[in-house]
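Contents: one structure, followed by commentary.
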2 protein chains.
Amino acid sequence: MKSVKKESTMTTSIATLQEIGRKLRIHSITATTAAGSGHPTSCMSAADIMSVMFFREMQFEPSDPDNPANDRFVLSKGHAAPLLYAAFAEAGIFTVPQLATLRKIDSILEGHPTPRIPWVDVATGSLGQGLSAALGNALASRLEKIPFNTYVLMGDGECAEGSVWEAATLAGHYKTSNLFAAVDVNGMGQSQHTMDEFHVERFVDKFKAAGWYAIAIDGHDYSAITAAFEEFKAKAGDQPRALIAKTFKGKGVSFVENKDGWHGKPIPKADLDRALAELATPVPGAESYKPNPRPWPKTEEPTKAVEITPSRKPGETAATREAYGDALAKLAVADSRIVALDGDTKNSTFSEKVLKVKPEQFIEMFIAEQNMVGVAMGLAARGKVPFVATFAAFLTRAYDQIRMAGVSGSNIKLCGSHCGVSIGEDGPSQMGLEDIAMFRPIPGSVILYPSDAVSTERLVWEAANRHGICYIRTTRPKTAMLYSNEEKFPIGGSKTLRKSANDRVTVVGAGITVHEALKAADELTKEGIAIRIIDAYSVKPIDREGLLAAARETGGRIIVVEDHYEEGGLGDAVLNAVGNQASVVKLAVHEIPRSGPPEALLEKYGISSTHIAEAVRQLH
Amino acid sequence: MKSVKKESTMTTSIATLQEIGRKLRIHSITATTAAGSGHPTSCMSAADIMSVMFFREMQFEPSDPDNPANDRFVLSKGHAAPLLYAAFAEAGIFTVPQLATLRKIDSILEGHPTPRIPWVDVATGSLGQGLSAALGNALASRLEKIPFNTYVLMGDGECAEGSVWEAATLAGHYKTSNLFAAVDVNGMGQSQHTMDEFHVERFVDKFKAAGWYAIAIDGHDYSAITAAFEEFKAKAGDQPRALIAKTFKGKGVSFVENKDGWHGKPIPKADLDRALAELATPVPGAESYKPNPRPWPKTEEPTKAVEITPSRKPGETAATREAYGDALAKLAVADSRIVALDGDTKNSTFSEKVLKVKPEQFIEMFIAEQNMVGVAMGLAARGKVPFVATFAAFLTRAYDQIRMAGVSGSNIKLCGSHCGVSIGEDGPSQMGLEDIAMFRPIPGSVILYPSDAVSTERLVWEAANRHGICYIRTTRPKTAMLYSNEEKFPIGGSKTLRKSANDRVTVVGAGITVHEALKAADELTKEGIAIRIIDAYSVKPIDREGLLAAARETGGRIIVVEDHYEEGGLGDAVLNAVGNQASVVKLAVHEIPRSGPPEALLEKYGISSTHIAEAVRQLH
């Protein structure tokens, strides 16, 4: 990958930048005092870096948030939101009076930034995530060959988060020279001094070890800040660039500057005038800010992925994880927005199939799941449709990023392979048994759990077309084909695989347990017992009407069987759907499993065909 | 903190170590071929480092896993489990024939190590977690003043995980010179070469930047490996020590050594003899291994925390998060096993109260939640009772570690403060709204959710005494006292706060919603409507009998109200408990919330007293 660049020829004078810095401080403290909460001192330390980045380095058209060539900005230290909003006001994106709506319930100026503001790509506020999203932006710039840069403002305290170093290392590896990170080293955390206090050299060492071009400077010295950016342009070559800025928290107001006890506290109303008086003198020679856009033609992006069609043979067996790869490869060929990301498991999740047919649409993320999801959020914000894959168990590593993708309304797709005890001998550390429980609470999330290759292919396509967070759960062992190639699998639907007028109970399964249910049905048939079988491939939203209808026709009896822990999975989804309109028996995994053959594990943990048959008999 | 050390005077000859290395390889490939799955080549790269660490450096008594002064070993690259089991066999802990039970369903020799083996402190297999657990061991050594060292074997691929660098940075900060990490740089991941391939200098740079004494060597050269450990002893001073070992995956068997395509694959049965032939020559001059124990007196550890008693005044208001701090401080004074960990939120979670009264029982973990939970697992394995606290939202960052704590059967306590929309203006990124859903699936987990200061204090004590993962959910705003100081809160119980013969519905709440329910009851009383109110302070296990009895007495009608997303929380816990024996209406948060005042948010998202009253009226 190689970055495309278009450097600006305009520049903003230092006096102008200083004057903007003064105003950013005024806005930050005024808005937080009005709100009665917030983090003004965390804004003040970064005001000068922010002024230079936003008003000298960045090229963007303030009237057009959708210009694809706008430089991007990510406020990783999200609690400095008032500083960002102040910059938007100084750039003409917000009005100054609008800043007074900070933290009010009907305002888009929330306590931490969210994409309710069109200029905010991803929600921040859970620390240490911004660099990943920014890296996603930077990689999107390359993929799209649109020469924008991405700037990210980080706190020093959040650099204790490992996710920062996942992102930094990968940025160094992929040489994203279009990525600029500024670390605001004010030395003070929330409850005490940071680990590294004012040791800016430690940050420089860490970024250099990750392959970055890093410079330490005084973050309140405009000449030094602007010189650093010039040095980047002259010397950083193909490396990503880190500005390590030594600053003072609360800089600009003497009675809070570098003082303990001011984290997350607005200046009291009684002291506001005294604070503003210290910031009252305009900088001589300052001019008004002139936007410096990077004109770019708008292109219409497709909004629907080209439909793909399965072409499985009757009698074929295939693992749903492999069908995921087949489908994604077809989608990637048809649609350049599709990008596959994988954390060094691509030969297990089968996202390597995309690498084989469309290498430019595959990004190896190495074993760093948090950054993988964060990068996906950045890619999605720039119009890509990222599909993130790893073992279902390892997506738990990125739950905070998934949560924040929810807050961001991100259009990301995640595939968790090797779900449940059916993976076999690798044992409990590799078994995803809480993944459905993890995805269900995310507002608007979709959870798809195919049982055969045909449904997998259809559901990958459905996920590509559904805006928002879609989770696809795939299985390790091969399974039989249950559906014809023509069958459709709309989100929110279900399939009825066995049905007769004499069904005594409805068995609801998904994935591997659908096959166990079919085996149980065959066994029970010999005993003269007929059962209804429903494949609940859409776990969220679930087919409530279908379930209720089946329950009505089968004596109000439902058995749910799933390769997942008993709490939060398919069983709870069904229970919520039917409420007290049916009696629900849940078969699920109740304890930490062991290593063993897949069939033996399904048996030992109570979700095999024999357990299903026995549960039916007990209800019968 | 300062480490206590007792260096061994014994040494094992290089010939003996080489011979053990040969046997470790033989055992690793034999066992995996017999099992038909596993990762022999990942064992072979590390066999020589393992031989030196285990049989030269480590001091332990093979017959006594409980000797408190045994050096500890953590296999962070858990997929090399057969290598660990082979070392146990060579040390006399296992028999050689036992190795053939690898990956069998009734064997403790699982695909990845778990504490079903008494010598394994924490389960590994989710990569990048071992260094945190090892750091927990190292910190426990200091706290207990027992001079054992901790050794951890890491893979190179897993060093892409940020959690590794969270642990490394904190170890550097706390100067844990009793911590030795070896990185097996074989350059090959699962699906392709690692990011850094054979660039051992990059690992050295990263560890040095984190404050470690790091040496790169040839990981198959016994003289170099032993010399490195001598250099550590001579020169590393108070720094933690990293051995960066360049190795070859599959080392020792020519047809797999440093060859692509052999990750996670046993040597086929047909090729086993050919492989073993290459390892057939015993090393001349090797002697048998002589254990090198560090004798240490055993002390009886208390098994129960001293009971603490709340001393709240009637009419007092207090946030449950503050009561958490009060209780934990009292417990810490009474019991040296209690250790409070916090991620730079101690003035918000109030774990700073422990720092104030027992500074030696408080560990600042900075903003790195994954490592915080990993360290807690290491501390717990050494007899400590760690209480981990941060915002509930940020515990999602450590879900994989929490999952693995479940697999490990760890005795750790976690407190998530600032749960739900009731936190107010900071907005959705800071609101824990999926934390109950996250903890419920973990087998054996306990979830406690107090509504006032008295119940909080009692529940902190209950958590300290209950072995296993206990989660305590605390609230930001102050709430009224609901209980007298004498009231007890057993795990699995509930409290009935309003009860009459005319109750038309049971309202179940927990935390802040109990107070909303009480307000609703007062409002409804004016309309002549009586309701039952249950405080479900024990979300898991939940008081099923109590709920069913209340439902029976209130017309089978239950309303559950919770400051959590609708999926996976208290509502689902209640639904599972009552099944179709009651009709359950769930009031919960259904969308991504915004910033605003707490009361306005409770109202906007449908969980305030007015919504409860309205739901009651609709059922009435």
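Chain identifiers are assigned alphabetically (A, B, ...) following the order of the sequence lines, protein sequences preceding nucleic acid strands; residue numbering begins at 1 within each chain.
Heavy atoms of Lys540(A) lying under 4.5 Å from chain B belong exclusively to its side chain. Using a 4.5 Å cut-off between heavy atoms, Ala582(B) touches chain A through its backbone atoms (N, CA, C, O) alone. Residue contact with chain A, scored on non-hydrogen atoms closer than 4.5 Å, is absent for Val584(B). Of the atoms belonging to Asp106(B), it is backbone heavy atoms, and not side-chain ones, that fall under 4.5 Å from chain A. Heavy atoms closer than 4.5 Å to chain B are found in the backbone of Lys104(A), but not in its side chain. If you measure heavy-atom distances from Arg403(A) to chain B, the contacts under 4.5 Å come from the side chain alone. The contact between Ser37(A) and chain B is made entirely by side chain atoms (from C-beta outward), counting heavy-atom distances below 4.5 Å. For Ala123(A), no part lies under 4.5 angstrom from a heavy atom of chain B. Residue contact with chain A, scored on non-hydrogen atoms closer than 4.5 Å, involves the backbone and the side chain of Leu601(B) alike. Heavy-atom distances place no part of Met372(B) under 4.5 Å from chain A, backbone and side chain included. Only the side chain of Tyr565(B) comes within contact range of chain A, with heavy atoms under 4.5 Å apart. In this structure, no portion of His199(A) lies under 4.5 Å from any heavy atom of chain B.
For the atom pair CZ (Phe439(A)) and CD (Glu434(B)), the distance works out to 12.0 Å, reported to the nearest 0.5 Å. To the nearest 0.5 Å, atoms CD (Gln192(B)) and CD (Glu352(A)) are separated by 10.5 Å. Note that OH of Tyr399(A) is 7.0 Å distant from OH of Tyr399(B), once rounded to the nearest 0.5 Å. To the nearest 0.5 Å, the span separating CG on Asp156(B) from CD1 on Ile367(A) amounts to 8.5 Å. In this structure, Gln190(A) CD and Thr349(B) OG1 are separated by 8.5 Å, a value rounded to the nearest 0.5 Å. From Ile402(A), atom CD1 reaches atom OG1 of Thr396(B) across 9.5 Å, with rounding to the nearest 0.5 Å.
Put simply, of His590(B), Gln401(B), Glu201(B), Glu566(B), the one with the most heavy-atom pairs under 4.5 Å next to chain A is Gln401(B). Of the listed residues Thr194(B), Asn371(B), Ile105(B), the one with more heavy-atom pairs under 4.5 angstrom with chain A than any other is Ile105(B). For chain A, the option among Asp205(B), Asp342(B), Leu127(B) with the highest count of heavy-atom pairs below 4.5 Å is Leu127(B). The most heavy-atom pairs under 4.5 Å with chain A, out of Gly125(B), Gly444(B), Pro441(B), Ala588(B), come from Pro441(B). Considering only heavy-atom pairs separated by less than 4.5 Å from chain A, the leading option among Ser348(B), Gly568(B), Cys159(B) is Ser348(B). With chain B as the partner, the residue from Gln430(A), Glu158(A), His39(A) showing the most heavy-atom pairs under 4.5 Å is Gln430(A). Contact tally against chain B (heavy-atom pairs below 4.5 Å) for Ala393(A), Ser595(A), Gly596(A): the top residue is Ser595(A). In terms of non-hydrogen atom pairs under 4.5 Å with chain B, the most contact-rich of Lys206(A), Glu369(A), Met404(A), Met195(A) is Met195(A). When each of Val164(A), Val407(A), Leu109(A) is scored by its heavy-atom pairs under 4.5 Å with chain B, the top score falls to Val407(A). For the options Glu166(B), His173(B), Glu161(B), heavy-atom pairs under 4.5 Å to chain A are most numerous at Glu161(B). Between chain B and the options His564(A), Glu364(A), Arg202(A), His263(A), heavy-atom pairs under 4.5 Å are most frequent for Glu364(A). Counting heavy-atom pairs under 4.5 Å between each of Gly571(A), Gly427(A), Ser163(A) and chain B puts Ser163(A) at the top.
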Go through the steps for Gln370(A) and Arg397(B) under the test side chain to side chain contact (heavy atoms under 4.5 Å, CB included), then give the verdict.
CA-CA 9 Å; Gln370(A) 295 191 78; Arg397(B) 199 62 157 263; 2.8 Å; yes
Decide yes or no on side chain to side chain contact (heavy atoms under 4.5 Å, CB included) for Glu567(B) and Ile442(A), but give the supporting numbers first.
CA-CA 8 Å; Glu567(B) 294 92 352; Ile442(A) 307 290; over 6 Å; no
What do the steps show when you test Arg594(A) against Ile108(B) for side chain to side chain contact (heavy atoms under 4.5 Å, CB included), and what is the final call?
CA-CA 8 Å; Arg594(A) 307 181 74 125; Ile108(B) 58 171; 3.9 Å; yes
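Taking 4.5 Å as the limit, some side-chain heavy atom of Arg103(A) sits within range of a side-chain heavy atom of Asp426(B).
Of all heavy-atom pairs between Ser191(B) and Asn347(A), the closest is CB-OD1, 3.4 Å. Pro428(A) and Thr114(B) get closest at one heavy-atom pair: CG-CG2, 4.5 Å. Nearest heavy-atom pair across Asn576(B) and Lys586(A) is OD1-NZ, 2.5 Å.
Under the salt bridge (Lys or Arg N to Asp or Glu O under 4.0 Å) criterion, Glu110(A) pairs with Arg116(A), sequence neighbours left out. Partners of Phe394(A) by ring-ring contact (aromatic ring centres under 6.0 Å, His included), not counting sequence neighbours, listed by chain and number: Phe391(A).
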